[in-house]
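Taking it in order: structure first as structure tokens, then the write-up.
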Protein chains: 2
Amino acid sequence: MKNIEPRIIGLFKQGYCTPQIARIAKKIKEPATTIHYNIKRLEKEGAIKSYKAVFDYKKINEGHCTYILVNLTEENYGNPESICKDIAKDPKVESIDICTGDYELLIKLRTKDIDEYYEWTKHAIKKYNFSKIISITSLKQVKTEFVEL
Amino acid sequence: MKNIEPRIIGLFKQGYCTPQIARIAKKIKEPATTIHYNIKRLEKEGAIKSYKAVFDYKKINEGHCTYILVNLTEENYGNPESICKDIAKDPKVESIDICTGDYELLIKLRTKDIDEYYEWTKHAIKKYNFSKIISITSLKQVKTEFVEL
DNA sequence: ATTAAAATTGAATAATATTCAACTATTTAT
DNA sequence: ATAAATAGTTGAATATTATTCAATTTTAAT
């Protein structure tokens, strides 16, 4: 057994997929070449960032999902972007936004379980010197990434 | 001009993409047939829900992104799932979770601009009889759907 | 109306996924 | 421990599908 699954999953999270032109052509009843032309234009414009897979995260051992609201400390408050880019590199982070309201950042985190979540927060508070965090844990995901579950 | 773009974008939001087996094979240096076998198994297990595109949402006129925390009223409080499934059908809703904490739902909404957002909230409060909502607007998206922007 | 640029399309080709059958490794039952 | 059954890997052949290309049509600008 080569244990290829985790490597495939890793690649699929961000990309390594491609449009199904023939299927789209059939669906909207237009020639495949027209679809192809339009898609390539969207790609060149930068409107399409990536083609990727959406998972049933429970089944790939990332069943615990938490939204984390973050208060930064002074040293990052005026320039949240560089810290965000670093946090974004973490493969457990699905999304990160700089936001309005009482908290500066909103992070969507996917972990195996609550223990892994707890370890992540401890590590992140220390590394990024967050002054406060609020966690909102998902009890049930009804839709993610525009895909109904 | 056939205005094919919006139809393609609609299809891509939820699917109509497929794995690039040859590219994965090259990347992880395993035979394409092995990759194929493993992917098909993941699909059969239901671990993979869909293959889809990720957009630069500003470029497809969905540049306004808001996280909405919702308090339900009594009639839905004990059974939030059915109302969630209905909200999930809305193509502007990227994600919806039933959550812990002071608010029962967390909705991630993508609209063209703040006006469309405001219309959506008015409509939703009325239709679903939300007792209260809190909006957290994204000022800058650094990562979405596991894709760095 | 004339020109230039952008978009559409069918036919030909290139690239890729998929099937199949043989083989290997792993697990289960006796 | 051994046999049998199941699950996983793989190369070669085939079937699909994306891509290229050149011709045509549509749209936009002057």
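Residue numbering restarts at 1 for every chain, and letters A, B, ... go by the order of the sequence lines. Hydrogens, waters and symmetry mates are skipped; everything else that's a heavy atom, side chains included, is used.
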Task: Rounded distance in Å - OH (A:Tyr37) to P (D:dC21) - done: 16 Å
Open item on the list: Over 60° means perpendicular and under 30° means parallel, so tell me whether A:Tyr67 and B:Tyr67 are parallel, tilted or perpendicular.
Closed with: perpendicular
- [ ] Using whole Å, report how far CD of B:Glu5 lies from P of C:dA6.
- [x] 14 Å
- [ ] Look at the rings of B:Phe55 and B:Phe12 and say which category their plane angle falls in: under 30° parallel, 30 to 60° tilted, over 60° perpendicular.
- [x] tilted
Task: Side-chain H-bond candidate by donor/acceptor type, B:Tyr51 with B:Gln20, under 3.5 Å - done: no
Task: Under 4.0 Å protein heavy-atom contacts per nucleotide of nucleotides 12-19 of chain D, with B for base, S for backbone only and - for none - done: B----SSS
Task: Test applied, side chain to side chain contact (heavy atoms under 4.5 Å, CB included); reference residue, B:Ile87; option that passes from B:Leu109, B:Val70, B:Ile96 - done: B:Ile96
TODO: Flag the pair B:Lys52 and A:Glu145 as a salt bridge only when some basic side-chain nitrogen lies within less than 4.0 angstrom of an acidic carboxylate oxygen.
DONE: no
TODO: Determine: side-chain N/O of B:Asn38 to OP1/OP2 of D:dT9, distance under 4.0 Å, yes or no.
DONE: yes
TODO: Count the heavy atoms belonging to other residues, nucleotides or ligands that lie under 6.0 Å from CG of B:Asp102, then report whether that count exceeds 12.
DONE: no
Open item on the list: Side chains of A:Tyr117 and A:Ser135 only: does a donor on one sit below 3.5 Å from an acceptor on the other?
Closed with: yes
TODO: Work out which heavy atom in B:Asn79 is nearest to a heavy atom in B:Ser82; give both atom names and the distance.
DONE: ND2-OG, 3.6 Å
Task: Contact under 4.0 Å: B:Arg41 side-chain N or O vs D:dA7 OP1/OP2 - done: no
- [ ] Work out how much the helix from C:dA1-D:dT30 to C:dT30-D:dA1 bends between its end axes, five pairs an end, to the nearest 10 degrees.
- [x] 50°
- [ ] Find the distance A:Ile35:CD1 to C:dA7:P and express it as a whole number of Å.
- [x] 14 Å
- [ ] Could you state the atom-to-atom distance from NZ of A:Lys2 to C1' of C:dT26 in whole Å?
- [x] 15 Å
Task: Pairing of B:Glu62 and B:Arg110 as salt bridge, 4.0 angstrom limit - done: no
- [ ] Would you mind reading off the distance between B:Leu42 atom CG and D:dA7 atom P, rounded to a whole angstrom?
- [x] 16 Å
Open item on the list: Rounding to an integer number of Å, can you tell me how far A:Ile39 CD1 sits from C:dT9 C1'?
Closed with: 16 Å
- [ ] Quickly work out the B:Ile4 CD1 to C:dA7 C1' distance and round it to whole Å.
- [x] 9 Å
- [ ] Mind calculating the distance between CD (B:Glu30) and C1' (D:dG11) to the nearest angstrom?
- [x] 14 Å
